[in-house]
Structures are given as C-alpha cells and as structure tokens.
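One structure is given here, and the rest of the page talks about it.
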Amino acid sequence: MIYNLEIYFMLFIIYSCLGWVMECTLGVIQKHKFVNRGFLIGPYCPIYGVGVVAGTLLLSKFSNNIILLYILSTIVCGGLEYFTSYIMEKFFNARWWDYSQNKFNINGRVCLQTLIPFGIISVLVICFANPWILNKLYLIPNKILNYIVGGILLIFVIDLCISFKVILKFKDMNKQEKDNTEELSRKVRETAESAIQKLTSEKEKLLRQISIRRYVISKNIKYKRKKYTNKIKNQQLTLVGTFKSNVQHIDDRIKVIDEKIKTLAKDVSDKIATIKENQFKIRKDIKEKFIKESKLNKRLISAFPNVEQKDYTRKKNK
C-alpha cells in the first residue's frame, strides 16, 4: 500500500524513538549505566526509522511469506547498517559502532549476532506493528496530522543542524577502531548545553537592557505626557478665558445696540406723535381760517345776517 509523506515521516520518527529506547536499554543491560546511543541531541536513532521506512516500502508485499520476508529483511538491515557505518566514518572520521570483537563480522560494521535479531524485529514490525500503528495514524485528521508533522520536523531539523555542526568540530580527532558513540554523544550534549547556557545568558542580558530602556523610555514618556498635558490644559484655559471675554464683549455690544435701538424707537415714536399733533393743529387752523375767511361763508352771513354762523358750519364729528 502507498501512503502519503506525512505517514512515512511519522513512521520514521516513531521507530527512531523506539530504536533509541532499545539501544539505551541494551546499554544499561550491558554496561550497567545509561549510554546515549544516538548521535543527535533528541531521543531518536534515525537509522531505525530509515530501516523501517525502507522495509515498509520494499518488503510489505512479502508479508505473506514469513521466511522470505525474514531473509530479505536481514539483507536490507545488514546493507543499511554497513552503508551507514561506512558513510559516517568517512564523513565524521569516527565510528558509532564496532563489531570487530564479534564473530562473523564484516569489517566490524555488521555481524551475524545483530543481523539475526534485526531480521526477526523486521518481520514483527512489518507483519504486526506497522498495521496497528498505521491504523492509529489514519484516525488522526489530516489537518491535525499536518500540524504535528510540521512541529516535529522543525525540531528534528534544528537538532540535526546543531548536532552535525558540533560533530564536525571533532572531525580531526584520531581515527580509532572502537565505538565512539558515547564519547561523541557526550561532546554533542556538552556543546549543546554550553550553547544553551550562552543563549540563556545573552537572553537575560538582552532582557535586562530592554528592561532598563523600557524604564527610561517609560520615564521620558511620563515626563513628556505630563508636560504636554499641562501645556494643553493651559491652552484650554487660555482659549476658554478668551472665548468667555469675547462672549462678554459681544453681550455688552448687543446691550448697547439694544439701548440705541430703544432710544431711536422712542425718538421715532415721539416724532410721529408730534407730527400727528401738528397735523391736527394744522387741520384745525385750516378749518377756522376757512370759516373766517371763506367767501362762501361771508356770502351766507351777508345773506342771512340773523342766522347764527354755527347753523351753517359743519359740525365736528363726534
């Protein structure tokens, strides 16, 4: 069956961790102390993950034939172990395992004593462990699985880069025909711990600097805020006072204008009353003059001398 890359990567990580646990357990049994068999900082031996993924891709179709599967698994595991030992020795100038003291070994890189259990373990993995693990992996939703794979991959790549950088520093050490796994792992961990301590101290120093700067900046900000707040308040008071004085001045001018308007209105009223009174007097004078000087009135008086004048004059309207 063909699986996606996320599934194969999870198989690689799971079996790398299980291989690390198995190697450390064997180390405790053989040397009665904990021995880190991985050259990386984390708890994984990538050769086991690579072996299981390679066996899954190449040998799953032979799961129905246990004997053939066992033979092919032994060959694949032996080839992978020999090739890995050769490449790492040439590249790092160190050997992670050495079987020179065991019988039926090939250049100390592989031996019959380890190939037999590796073949048995491969059969158990392909026939029994893989189906169970794959079923559990397929129960995880794809989105969550992608997040898990992304996080683990990032950690693994960082670990791989740091470990390779540290190991390359010890590349010039004398080549020795022995198992250097414990020594190199110790140096990797010591270097990593030293780097972590250095990073921690740098972080604390940076945090102290940030704290000091934050305090200074905060103090300056408070001073500036107080200064500009007082300035704004003074400007507000000035503006309010100016506005109030302008409003008062406008009110005073409005009152003056109202007084002038009232005075003008009174003068106009007085002039109108005077004009009306003068009109009345003029009319009265005109009437009296008409009565005294009118020719018609004189003719009537001369014609009717015994008639009183009031009988011929128009009576005043009541």
Side-chain angles (χ1 to χ4, degrees), residues 1-27 29-30 37-40 42-88 96-97 99 102-153 155-157 160 181:
M1 178 180 275
I2 299 175
Y3 305 103
N4 53 35
L5 292 177
E6 290 83 358
I7 296 297
Y8 283 122
F9 178 76
M10 290 303 297
L11 281 178
F12 167 77
I13 291 296
I14 290 170
Y15 284 106
S16 295
C17 294
L18 292 176
W20 181 85
V21 172
M22 186 180 72
E23 288 286 344
C24 292
T25 303
L26 292 175
I29 294 173
Q30 293 173 358
R37 299 295 298 176
F39 76 97
L40 299 177
Y44 26 68
C45 290
I47 189 172
Y48 285 91
V50 173
V52 170
V53 172
T56 303
L57 291 171
L58 300 175
L59 306 177
S60 294
K61 57 186 176 181
F62 302 109
S63 58
N64 294 327
N65 191 335
I66 301 298
I67 296 175
L68 181 60
L69 177 62
Y70 172 77
I71 295 171
L72 294 176
S73 298
T74 302
I75 295 172
V76 171
C77 290
L80 178 63
E81 188 176 20
Y82 189 95
F83 179 76
T84 303
S85 175
Y86 178 81
I87 292 297
M88 293 183 74
W96 265 257
W97 59 85
Y99 302 130
N102 298 347
K103 293 181 179 181
F104 308 109
N105 70 83
I106 303 175
N107 297 330
R109 305 185 191 282
V110 294
C111 69
L112 188 62
Q113 186 178 347
T114 59
L115 289 179
I116 292 174
F118 279 155
I120 296 173
I121 292 172
S122 297
V123 171
L124 295 175
V125 166
I126 294 173
C127 293
F128 301 102
N130 267 359
W132 185 84
I133 293 175
L134 291 172
N135 288 333
K136 298 300 180 183
L137 290 176
Y138 272 107
L139 293 177
I140 303 174
N142 289 332
K143 189 174 182 179
I144 297 176
L145 183 64
N146 290 335
Y147 285 131
I148 294 172
V149 170
I152 296 175
L153 179 61
I155 295 171
F156 181 77
V157 170
L160 197 66
T181 303

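The analysis underlying the following values was restricted to heavy atoms, covering all of them including side chains, and did not include hydrogens, waters or symmetry mates.
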To the nearest 0.5 Å, how far apart are [atom1] in [X] and [atom2] in [Y]?
{"X": "L112", "Y": "N102", "atom1": "CG", "atom2": "CG", "result": "10.0 Å"}
{"X": "I120", "Y": "T74", "atom1": "CD1", "atom2": "OG1", "result": "8.0 Å"}
{"X": "F9", "Y": "L11", "atom1": "CZ", "atom2": "CG", "result": "11.0 Å"}
{"X": "I71", "Y": "N65", "atom1": "CD1", "atom2": "CG", "result": "8.5 Å"}
{"X": "S73", "Y": "L115", "atom1": "OG", "atom2": "CG", "result": "11.5 Å"}
{"X": "M22", "Y": "I121", "atom1": "CE", "atom2": "CD1", "result": "4.5 Å"}

Kindly indicate whether the side chain of [X], heavy atoms from C-beta on, has any atom under 4.5 Å from the side chain of [Y].
{"X": "N107", "Y": "Y99", "value": "no"}
{"X": "L59", "Y": "S122", "value": "no"}
{"X": "N105", "Y": "Q113", "value": "no"}
{"X": "L137", "Y": "I133", "value": "yes"}
{"X": "Y147", "Y": "I152", "value": "no"}
{"X": "I66", "Y": "C127", "value": "yes"}
{"X": "M10", "Y": "V149", "value": "yes"}
{"X": "R109", "Y": "F83", "value": "no"}

Using a distance-only test with no angle check, is there a side-chain donor-acceptor pair under 3.5 angstrom linking Y86 and E81?
no
Side-chain donor-acceptor contact under 3.5 Å, Y15 with N130:
yes
Quick check: closest heavy atoms across [X] and [Y], and the distance to 0.1 Å?
{"X": "G55", "Y": "I126", "answer": "O-CD1, 3.9 Å"}
{"X": "Y82", "Y": "V110", "answer": "N-CG1, 3.6 Å"}
{"X": "C45", "Y": "E23", "answer": "SG-CG, 4.4 Å"}
{"X": "S63", "Y": "L69", "answer": "CA-CD2, 4.0 Å"}
{"X": "L145", "Y": "I140", "answer": "N-CG2, 3.8 Å"}

Let's go through L139 and N135 carefully: what are the C-alpha distance in whole Å and the side-chain angles of both, what is the deciding distance for side-chain contact (heavy atoms from CB on, under 4.5 Å) to 0.1 Å, and is it a yes or a no?
CA-CA 7 Å; L139 293 177; N135 288 333; 5.9 Å; no
Set of residues satisfying ring-ring contact (aromatic ring centres under 6.0 Å, His included) with respect to Y44, sequence neighbours excluded
F156
With sequence neighbours left out, what residues match L57 under side chain to side chain contact (heavy atoms under 4.5 Å, CB included)?
Y8, V53
With sequence neighbours excluded, tell me which residues meet side chain to side chain contact (heavy atoms under 4.5 Å, CB included) with L80.
I47, V50, T84
Atom CD1 of I67: over 12 foreign heavy atoms under 6.0 Å
no
